[in-house]
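Please read all numbers here as calculations on a predicted model, not as lab measurements. All residue numbers in this chain count up from 1 along the given sequence. The figures that follow rest on heavy atoms only: side chains count, while hydrogens, waters and symmetry mates do not.
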Amino acid sequence: MKANIYINDHEGLPNISCVYNYIPQAQRRTMGIKMDKTVLIVSAVVGSLGVLSAILGFAAEGENASNPNPSPGLGIAAALFLLVEKATITAVAVVGYCKFRPVLSETKRILVIVCVVVSWIAAAIASVMFLFGASLNANNKNSGGVYAGAAVLTVAATALGITSFVMLRRQQPADAAPKTAGEGAPPSKPGDEQALPPPAGITTGQPQFQTA
């Protein structure tokens, strides 16, 4: 990786700053592949847990419709899978944020916060509904659509959680890109500027003298 290094001995304190001129195309491609693999793996695991929880919820609702004495096991299992899903996506997102410290724009920061908060609220309500339906089944009562509503909230919570994680991960390669001079990079020293082409109509070269 190519870099310019400037040393400033002003007031006896050396100030060394490096400005990366560019990131090689191969390295940028490797960073993108690593990010895509992480996003795909986490999204697949979290999505599978959320979908499994929703399937168990709909299955519990179907059992309530066909069985006068439904078992509370499906509702309890759905709540457990949902809590594991939320704990997993939250832990991965927090670790990734603390490791890479992505600098998000104000709009993206607000969107991430909204997705996380709404996702946790929906997951909490869905978990309570799953457990409430299981308690009804334990007392030989029908859930009355509680499981179906919880399953829908589970799908929404899972989708919002994955969305917030993807938004955080997509920002990291951009943050690793070099800063240009207009984005806060140290200014170049005199003599480092590239020579500008002469204005149109002006010929450069050695002066010509007419001989007598």
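The side chain to side chain donor-acceptor pair (under 3.5 Å) test applied to Ser119 returns Lys86, not counting sequence neighbours. Checked against side chain to side chain donor-acceptor pair (under 3.5 Å), Thr90 has the following partners two or more places apart in sequence or in another chain: Trp120.
Sorted by first and then second residue, the side-chain hydrogen bond (donor to acceptor under 3.5 Å, both in side chains) pairs with a member in residues 42-63 read Glu61-Ser143; sequence neighbours excluded. Applying the side-chain hydrogen bond (donor to acceptor under 3.5 Å, both in side chains) definition to pairs two or more places apart or across chains, those involving residues 144-155 are Asn137-Tyr147.
To the nearest 0.5 Å, atoms CG (Asn139) and CG (Leu136) are separated by 7.0 Å. Here Phe165 contributes atom CZ and Thr88 contributes atom OG1; the two are 11.5 Å apart, rounded to the nearest 0.5 Å. Considering CG of Asn69 and CG of Asn140, their distance stands at 4.5 Å, rounded to 0.5 Å.
With Glu85 as reference, Thr158 is the one residue of Val45, Ile162, Val51, Thr158 to meet the side-chain contact (heavy atoms from CB on, under 4.5 Å) rule.
Nearest heavy atoms, Ala93 versus Leu168: CB-CD1, 4.3 Å. Taking all atoms of both residues into account, the shortest heavy-atom contact from Met167 to Lys108 is CE-O, 3.9 Å. Taking every heavy atom of both residues into account, Ala65 and Asn142 meet most closely at N-ND2, 4.4 Å. Scanning all heavy atoms of the two residues, the minimum distance from Ala54 to Ala151 falls at O-CB, 3.6 Å. Nearest approach of Cys115 to Ser164, heavy atoms of both residues: CB-CB, 3.9 Å.
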ask   = Step by step, would you call Val94 with Val92 a side-chain contact (heavy atoms from CB on, under 4.5 Å)?
value = CA-CA 6 Å; Val94 169; Val92 174; over 6 Å; no

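Under the 4.5 Å side-chain heavy-atom criterion for ILVMFWY residues, a single connected hydrophobic cluster contains both Val116 and Leu111. Residues Ile89 and Val117 are members of separate hydrophobic clusters, defined by side-chain heavy-atom contacts under 4.5 angstrom among Ile, Leu, Val, Met, Phe, Trp and Tyr.
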Result block: side-chain N/O donor-acceptor pairs under 3.5 angstrom for residues 121-133, not counting sequence neighbours:
unit_1 : atom_1 : unit_2 : atom_2 : d
Ser127 : OG     : Ala123 : O      : 2.9

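Listed by chain and number, the hydrophobic cluster partners of Phe58 are Val152, where partners are ILVMFWY side chains within reach of under 4.5 Å, directly or through others.
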